[in-house]
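Below is one structure, written out as structure tokens; the observations come after it.
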Number of protein chains: 2
Amino acid sequence: MPKYSSPEVPLDRIFHALADLSRRTMVERLARGPASVTELARPFDMALPSVVQHLGVLESAGIVTSTKVGRIRTCQLVPAALAPATDWIGRQRLPAEQRLDRLGAYLQADVKHVTKQATSKEQRK
Amino acid sequence: MPKYSSPEVPLDRIFHALADLSRRTMVERLARGPASVTELARPFDMALPSVVQHLGVLESAGIVTSTKVGRIRTCQLVPAALAPATDWIGRQRLPAEQRLDRLGAYLQADVKHVTKQATSKEQRK
């Protein structure tokens with residue numbers, strides 16, 4: 001096990017679930033409200049078993065839950081299940097961006113210093 | 001093509017690149033600063049070609065860039081490349097959470113109303 005990793009097993013499933021346009025499209029639809037499997041399948045040129053398989057991947061990642069009443073299965077988005085993904089990305093972006101900002105500020109100060117030196121050299125000629 | 005999707009081809013690659021603990025560990029290391037391929041490989045019990053392959057997946061997603069000087073290849077994180085992933089998740093979470101908040105407020109108001117009705121019925125006895 002690498003020494004600087006944390007045990008983020010579910011992140012594999014969350015990111016894998018989101019790495020597919022069809023599944024993201026289902027999440028986009030469910031962000032607007034619950035929907036039946038038939039409704040979710042409608043915009044796709046896809047067999048119902050494939051739709052159900054995609055929903056299974058989303059359910060195993062905890063992003064979607066479903067309940068069956070009679071013959072109708074209704075799916076619902078679990079927005080909080082996406083939080084670990086946003087949090088992880090945020091933890092990487094922030095220090096990296098701060099480091100780049102500091103580097104940018106340093107380079108800008110350096111350019112100003114070099115320009116100033118060049119100007120005073122020019123004036124002394 | 002489903003009617004409510006947007007052409008987010010690169011999101012597939014970004015999310016796929018992040019759906020692996022080894023690759024996320026490499027990103028975590030690079031968030032602290034640039035590193036050579038050998039440095040990145042160190043904490044893993046993994047052959048160098050596998051490390052290079054993982055880095056290739058991160059590079060094809062635009063998350064990592066690398067430059068070779070002499071025999072040393074140095075890798076660097078591109079934090080801005082992660083922005084589309086955070087943005088997409090944010091766009092789904094916000095409306096879904098607002099909807100749940102509204103539902104919560106409605107249910108709370110309903111509970112209060114029912115409790116008030118029950119109390120006044122009790123008093124009238």
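Proteins get letters first, then strands, A, B, ... in listed order; numbering begins at 1 in each. Hydrogens, waters and symmetry mates play no part in the numbers below; they use all other heavy atoms, side chains included.
Proximity to chain A involves both the backbone and the side chain of A83(B), based on heavy atoms less than 4.5 angstrom apart. Looking at L30(B), only its backbone comes within 4.5 Å of chain A, counting heavy atoms on both sides.
Atom CD1 in I89(A) sits 6.0 Å away from atom CZ in F15(B) (nearest 0.5 Å). Atom CG in L82(A) sits 12.0 Å away from atom OG1 in T86(B) (nearest 0.5 Å). Residue Q92(A) holds its CD atom at 10.0 Å from CZ of R32(B), rounded to the nearest 0.5 Å.
The choice from V27(A), V78(A), L77(A) that makes the most heavy-atom pairs within less than 4.5 Å of chain B is V27(A).
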Could you go through R24(A) and D12(B), starting from their C-alpha distance and side-chain angles, then the distance that decides it, and tell me whether this counts as side-chain contact (heavy atoms from CB on, under 4.5 Å)?
CA-CA 9 Å; R24(A) 286 200 305 281; D12(B) 272 27; 2.8 Å; yes

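Linking Ile, Leu, Val, Met, Phe, Trp and Tyr residues whenever their side-chain heavy atoms come within less than 4.5 Å places M46(A) and V64(A) in a single cluster. The hydrophobic cluster containing V51(A) does not contain V57(A), counting ILVMFWY residues as joined when their side-chain heavy atoms lie under 4.5 angstrom apart, directly or transitively. Hydrophobic clustering, with ILVMFWY side chains joined whenever heavy atoms are under 4.5 angstrom apart, groups W88(B) together with I14(B).
Nearest approach of H16(B) to A19(A), heavy atoms of both residues: N-CB, 3.5 Å.
Atom CG of L48(A) has more than 12 heavy atoms from other residues, nucleotides or ligands within 6.0 Å.
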